[in-house]
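Taking it in order: structure first as structure tokens, then the write-up.
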2 protein chains.
Amino acid sequence: MRGAATREQIVEAADRLFYQRGYEHTSFADIAGTVGLSRGNFYYHFKSKDAILDAVIEARLANTRRTLEQWETEQATPEGRILRFVEIVLTNGADIQQYGCPVGTLNTELAKLDHAMRDQAQQLFTLFRDWLREQFALLVPAEQADDLAMHVLAFSQGVAVLSQAFRDEEFVRREVDRMRGWLSAYVK
Amino acid sequence: MRGAATREQIVEAADRLFYQRGYEHTSFADIAGTVGLSRGNFYYHFKSKDAILDAVIEARLANTRRTLEQWETEQATPEGRILRFVEIVLTNGADIQQYGCPVGTLNTELAKLDHAMRDQAQQLFTLFRDWLREQFALLVPAEQADDLAMHVLAFSQGVAVLSQAFRDEEFVRREVDRMRGWLSAYVK
DNA sequence: GTCTATATTACGATAGAC
DNA sequence: GTCTATCGTAATATAGAC
């Protein structure tokens, strides 16, 4: 019981630190310090740094699935759901301006490190891609849906990178408005 | 003479390694090994890692200015110049698929590290932004030009992040085609 | 300008007591 | 399950010989 709670605390702290500082720049001491644990005890729960990354990605995948399910129930129409995704850059605007997109920055970092966990990080993107594709498939012929899903995904990444680089909230708003206009052409 | 040549070699090697592996993941030994220099001698040329980063960014700024000037002479029309920028994601497609955008990934990394050289890295983006704005100012009213410039910049970053994550050249092609269509609406 | 040798620190990881 | 103590390695950086 207690063990599971500690493990969860470690994963949560690592998740946040990996996002805010990056994976490589986060040390065991950082995570242990945040949780209030000694470095030695750390290895009882996770035997390597990669093992923590694995757990963090698994947690993010689970959280993402939960979020997407919630959006399904909250938004009645496919365009409403797609718009819900588009507006993350506003909803999470402050975090994105400081730390970038949690999915995009992790993928970028692991790609440069040529890290073994690259493909699992890509799955985070794939979750959104597939979900967006399903929404578009309700609006356009099925063979166009994936292309449009990738376009919306690219929008989110472009906005996130520049939002972090320039720290310009107005830019984000303008891009969301432009995306709203683009999207309206596909609404039945 | 010889000293300047060695310094140049160091900056070139560091530039490439920072791009391919990331700044933090690149060690002095990596750079020294590439140039064929001992670590000790290294500090004769650069007294710290930050000093190398500074020199690398300066070199990139100079290279970027040169590239933009070249595009000015090569392309007679503003739309041709903007398109030349848009097509970088194809021209440098292989590198971007492997290492991402050199400007975007550096900005993302330095932002997470909260690095002192962040603002100088941002200048790389600003060079492209200002240049694109000037091109758009020849096509649309001046007050719209910066918004459109940022949109094109966001396009390049979105495509670069997803190109690296999914390693999908077809996606890049489709996005460039879409951008060509978008751009044609602004051409006189 | 270039080298070897070394100081120093931080990190990932292990051993073993409690 | 948690702790302290410690090892090995790699990285930044310095000192001093040639």
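Residue numbers start from 1 in every chain, and the chains themselves are labelled A, B, ... in the order their sequence lines are given, proteins ahead of strands.
B:Phe42 places its CZ atom 14 Å from the C1' atom of C:dG1, with the value rounded to the nearest Å. Look at OH on A:Tyr23: it is 10 Å from C1' on C:dG12, rounded to the nearest Å. Rounded to whole Å, atom P of C:dG12 lies 13 Å from atom CG of A:Leu113. Per the geometry, CZ belonging to A:Arg7 stands 11 Å off P belonging to D:dG1, to the nearest Å. Remark: C1' of C:dC11 and CG of A:Asp50 are 14 Å apart, rounded to the nearest angstrom. The distance from atom NZ of B:Lys47 to atom C1' of D:dT14 is 14 Å, rounded to the nearest whole Å. Look at CG on B:Asp30: it is 15 Å from C1' on D:dT9, rounded to the nearest Å. If you measure from atom CZ of A:Phe28 to atom P of D:dC7, you get 20 Å, rounded to the nearest angstrom.
Between B:His25 and the phosphate of D:dA11, there is no side-chain N or O to OP1/OP2 separation shorter than 4.0 Å. Between C:dC3 and B:Asn41, a contact under 4.0 Å exists linking OP1 or OP2 to a side-chain N or O. Look at A:Ser48 and you won't find any side-chain N or O under 4.0 angstrom from OP1 or OP2 of C:dA13.
If you take OG1 on A:Thr6 and OH on A:Tyr44, they are separated by 9.5 Å, rounding to the nearest 0.5 Å. Separation of atoms CZ (A:Phe42) and CD1 (A:Ile52) is listed at 3.5 Å; rounding is to 0.5 Å.
Partners of B:Asp114 according to the side chain to side chain contact (heavy atoms under 4.5 Å, CB included) rule, which considers only residues two or more places apart in sequence or in another chain, do not exist here.
Nearest to the side-chain atoms of A:Lys49 among the listed nucleotides C:dA13, D:dC3, D:dA13 stands C:dA13. When distances run from any side-chain atom of B:Tyr43 to the nucleotides C:dA13, D:dC3, D:dT12, the shortest one goes to D:dT12. In the set D:dA13, C:dT4, C:dG1, C:dG1 carries the atom at the smallest distance from any side-chain atom of B:Tyr44. In this structure, of D:dT12, C:dG1, D:dT2, it is D:dT12 that holds the atom nearest to the side chain of B:Arg39.
With DNA chain C read from its 5' end, the first of the two nearest nucleotides for A:Ala29 and B:Gly36 is the one closest to B:Gly36. Nearest-nucleotide positions on DNA chain C place A:Ser27 closer to the 5' end than the other of A:Gly40 and A:Ser27.
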Test side-chain hydrogen bond (donor to acceptor under 3.5 Å, both in side chains) applied to A:Asp30 and A:His25, step by step: CA-CA 10 Å; A:Asp30 290 333; A:His25 194 56; over 6 Å; no

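Taking the six-membered ring for Trp, A:Tyr43 and A:Phe28 have ring centres closer than 6.0 Å.
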